[in-house]
Amino acid sequence: MQRLLNLALLCSAILLVLSVAHAQQRQAALQPIDAMVPSRYDFGLPAWAPRPMEPAANPTTPAKVELGRYLFYDTRLSRDGTMACASCHEQARAFTDGRAVSRGVTGESTPRNSMSLVNVAYFPVLTWANPLLKHLEQQALVPLLGQEPVELGLAGKDAEIVQRLAVEPLYRRLFAAAFPEADGEISLATVVRALSAFERSIVSMRSPYDRYRYEGDADALSDSAIRGEALFFSERLECHHCHNGLNLADTVLHERNKAGEIAFHNTGLYNLDGNGAYPANNTGIAEITGRPEDMGRFRAPSLRNVAVTAPYMHDGSIPTLDAVIDHYAAGGRTIASGPHAGIGRINPYKSSFAPGFTLTQGERADLIAFLTSLTDEALLHDPRFANPWPKKETAK
């Protein structure tokens with residue numbers, strides 16, 4: 001109940017921030033955040049890729065993206081100046097952090113693994129298990145202001161945030177360029193809009209698999225990866241039911257699918273009491289809906305760049321791709337002892353798309369070769385998404 005109360009308070013804060021903008025910005029700020037339109041921003045997309053949707057109230061522009069990049073890497077956006085958004089979203093890890101769960105400025109851990117921000121513009125819901133968070137402008141306030149858990153720890157520090165940023169000469173120029181309609185106002189509202197624009201710009205469509213499947217480059221994949229693709233999309237393994245389409249995920253929104261699709265799944269990761277229970281702090285969308293049948297249902301993440309985003313699952317409890325395959329091959333995880341003991345395979349809420357399967361060692365190697373082919377190496381080093389602060393000037 002306390003978590004739901006905190007969520008309600010946070011949603012109230014979100015609505016307040018999104019509506020209380022500079023007077024010259026008010027007309028755009030008061031547009032419904034759910035009014036989505038195809039983005040006109042140049043994402044550098046190949047011809048086969050659809051444009052993402054974005055809120056009409058916050059159009060993506062080059063100036064806004066550039067400002068957002070500086071803010072994304074700026075440690076001034078944390079209570080004690082030790083963390084930035086990039087602390088939990090590292091470019092070299094496809095904007096994840098390599099930890100099972102993340103830590104905030106107070107040392108408190110989040111209950112869930114840090115999701116990749118790659119292609120986040122194509123998702124109509126943004127987190128593992130909150131169907132209410134549909135827009136980056138909303139979600140950005142959770143790490144900034146959230147108190148359960150504390151992440152960046154800026155609750156109640158709106159004026160201090162503005163003061164910290166206003167003393168940086170570079171920001172005066174960047175905010176003016178990004179928000180001319182608001183006279184370059186530095187506020188929490190413009191900060192979250194710029195951060196959201198930058199995060200939407202992080203698009204990955206250049207993996208070997210993209211070149212093979214969408215661009216006709218027959219030499220882009222090894223024979224092993226091609227065999228792995230056939231396994232992945234077979235009814236024998238069932239992987240493609242939850243990981244398909246543009247993002248290899250069954251939750252998607254873009255200009256060719258404006259209605260969008262949203263799905264959450266229970267994969268038999270836990271079964272604490274034999275009746276389907278998950279750990280109390282991580283029950284999936286059941287925490288929001290209150291419905292027993294939603295126990296353990298989480299959003300299927302994109303498999304793009306999956307080879308560099310370990311550890312896996314909503315709580316980071318599976319360390320390697322090989323172990324992920326073990327989990328699905330078994331049709332659910334068995335934990336023999338300890339507080340989480342249980343047989344996930346017989347979880348009554350488990351998806352029918354995780355029935356289990358058998359693989360030879362060669363087939364397993366082929367499947368991993370396919371998953372590795374989803375890595376966009378250019379993305380991991382693309383200067384458009386890199387830290388813009390010179391090392392000697394990085395904000396402390």
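Side chains are part of it too, since the values below use all heavy atoms of this structure and drop only hydrogens, waters and symmetry mates. None of these values were measured; they are calculated from a predicted model.
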task: Check the side chains of D366 and S224 for a donor-acceptor pair under 3.5 angstrom, ignoring hydrogens and angles.
output: yes
task: Establish, from distance only, whether the side-chain atoms of S204 and D376 form a donor-acceptor pair under 3.5 Å.
output: yes
Close aromatic pair by centroid cut-off 6.0 Å: Y209 and F370: yes
- line: Closest non-hydrogen contact found for M205 with P46 is CB-CD, 3.8 Å
message: Has E363 got a side-chain atom pairing as donor or acceptor with T360's backbone, closer than 3.5 angstrom?
response: yes
message: Looking at every non-hydrogen atom in both residues, tell me the closest pair between C88 and D97 and how far apart they are.
response: O-CB, 3.5 Å
statement: So the ring-ring contact (aromatic ring centres under 6.0 Å, His included) pairs with at least one residue in residues 274-298 (sequence neighbours excluded) are Y270-Y278, F298-H314
- prompt: Is there a donor-acceptor pair under 3.5 Å between the side chain of R299 and the backbone N or O of V125?
  reply: yes
query: Do we see a donor-acceptor contact under 3.5 Å between the side chains of T190 and E185?
result: no
field: Set of side chain to side chain contact (heavy atoms under 4.5 Å, CB included) partners for T283, sequence neighbours left out
entry: A286, E287, M295
Side-chain donor or acceptor of R333 paired with backbone N/O of Y328 under 3.5 Å: no
task: Please answer whether the main-chain N or O of A354 pairs with a side-chain N or O of K350 as donor and acceptor at a distance below 3.5 Å.
output: yes
- prompt: Between N113 and R99, is there a donor-acceptor pair closer than 3.5 Å when you use the side chain of the first and the backbone of the second?
  reply: yes
task: Check the side chains of N247 and N119 for a donor-acceptor pair under 3.5 angstrom, ignoring hydrogens and angles.
output: yes
- prompt: Sub-3.5 Å donor-acceptor pair from the side chain of R236 to the main-chain atoms of T358, do we have one?
  reply: yes
query: Roughly how far apart are N58 CG and L136 CG, rounded to 0.5 Å?
result: 9.5 Å
- prompt: Under 3.5 Å, is there a donor-acceptor pair between the side chain of R297 and the main chain of F264?
  reply: yes
query: Transitively linked via ILVMFWY side-chain contacts under 4.5 Å: M115 with V308?
result: no
- prompt: Among I161, L174, L165, which residue meets the side chain to side chain contact (heavy atoms under 4.5 Å, CB included) test with I186?
  reply: L165
- prompt: When you check the gap from the basic side-chain N to the acidic O, do E151 and R79 get nearer than 4.0 Å?
  reply: no
Exercise: identify the closest heavy-atom pair between A220 and P208: CB-O, 3.4 Å
query: K64 and F179: side-chain contact (heavy atoms from CB on, under 4.5 Å), yes or no, with the steps?
result: CA-CA 8 Å; K64 210 177 288 183; F179 298 101; 3.9 Å; yes
Distance-minimising heavy-atom pair for E90 and S87: OE2-O, 4.1 Å
- prompt: Does any N or O in the side chain of N257 come within less than 3.5 Å of the main-chain N or O of G260, such that one atom is a donor and the other an acceptor?
  reply: yes
Sub-6.0 Å ring centroid separation between F95 and H89: no
- request: Determine, for D315 against R112, whether the closest basic-nitrogen to carboxylate-oxygen distance falls under 4.0 angstrom.
  value: no
field: Residue pair Q138 / H135, side-chain donor-acceptor N/O under 3.5 Å
entry: no
message: Tell me whether the NZ or CZ atom of R76 lies within the 45° cone about the ring axis of W389 and under 6.0 Å from its centre.
response: yes
- request: Decide whether D294 and T289 meet the rule of one side-chain donor and one side-chain acceptor closer than 3.5 Å.
  value: yes
- prompt: Around atom CD of E215, are there more than 12 heavy atoms of other residues, nucleotides or ligands at under 6.0 Å?
  reply: yes
field: Polar side chain donor-acceptor pair, N130 to T127, under 3.5 angstrom
entry: no
Check: R103 and E108 side chains under 4.5 Å, non-hydrogen atoms: no
query: Shortest non-hydrogen contact from C85 to L195?
result: SG-CD2, 4.1 Å
task: Heavy atoms only: give me the nearest T251-P124 pair and the separation to one decimal.
output: CG2-CD, 3.4 Å
message: What I want to check is whether the side chains of Y349 and N271 have a donor and an acceptor closer together than 3.5 Å.
response: no
query: Do N244 side-chain atoms and L248 backbone N/O form a donor-acceptor pair below 3.5 Å?
result: no
query: Are V105 and V191 in one and the same hydrophobic cluster, where Ile, Leu, Val, Met, Phe, Trp and Tyr link if side-chain heavy atoms are under 4.5 Å apart?
result: yes
message: Less than 3.5 Å apart, any donor N or O on the side chain of D80 or T82 sitting next to an acceptor on the other?
response: yes
query: Quick one: do the E235 and H240 side chains pair a donor with an acceptor below 3.5 Å?
result: yes
field: Test item: side-chain donor near acceptor, R69 and S201, under 3.5 Å
entry: no
field: Polar side-chain atom of Q91 near backbone of L379 as donor-acceptor pair, under 3.5 Å
entry: yes
query: Taking 4.0 angstrom as the limit, do R51 and D42 come out as a salt bridge?
result: no
- request: May I ask you to check whether over 12 heavy atoms, not counting those of R345, lie within 6.0 Å of atom CZ?
  value: no
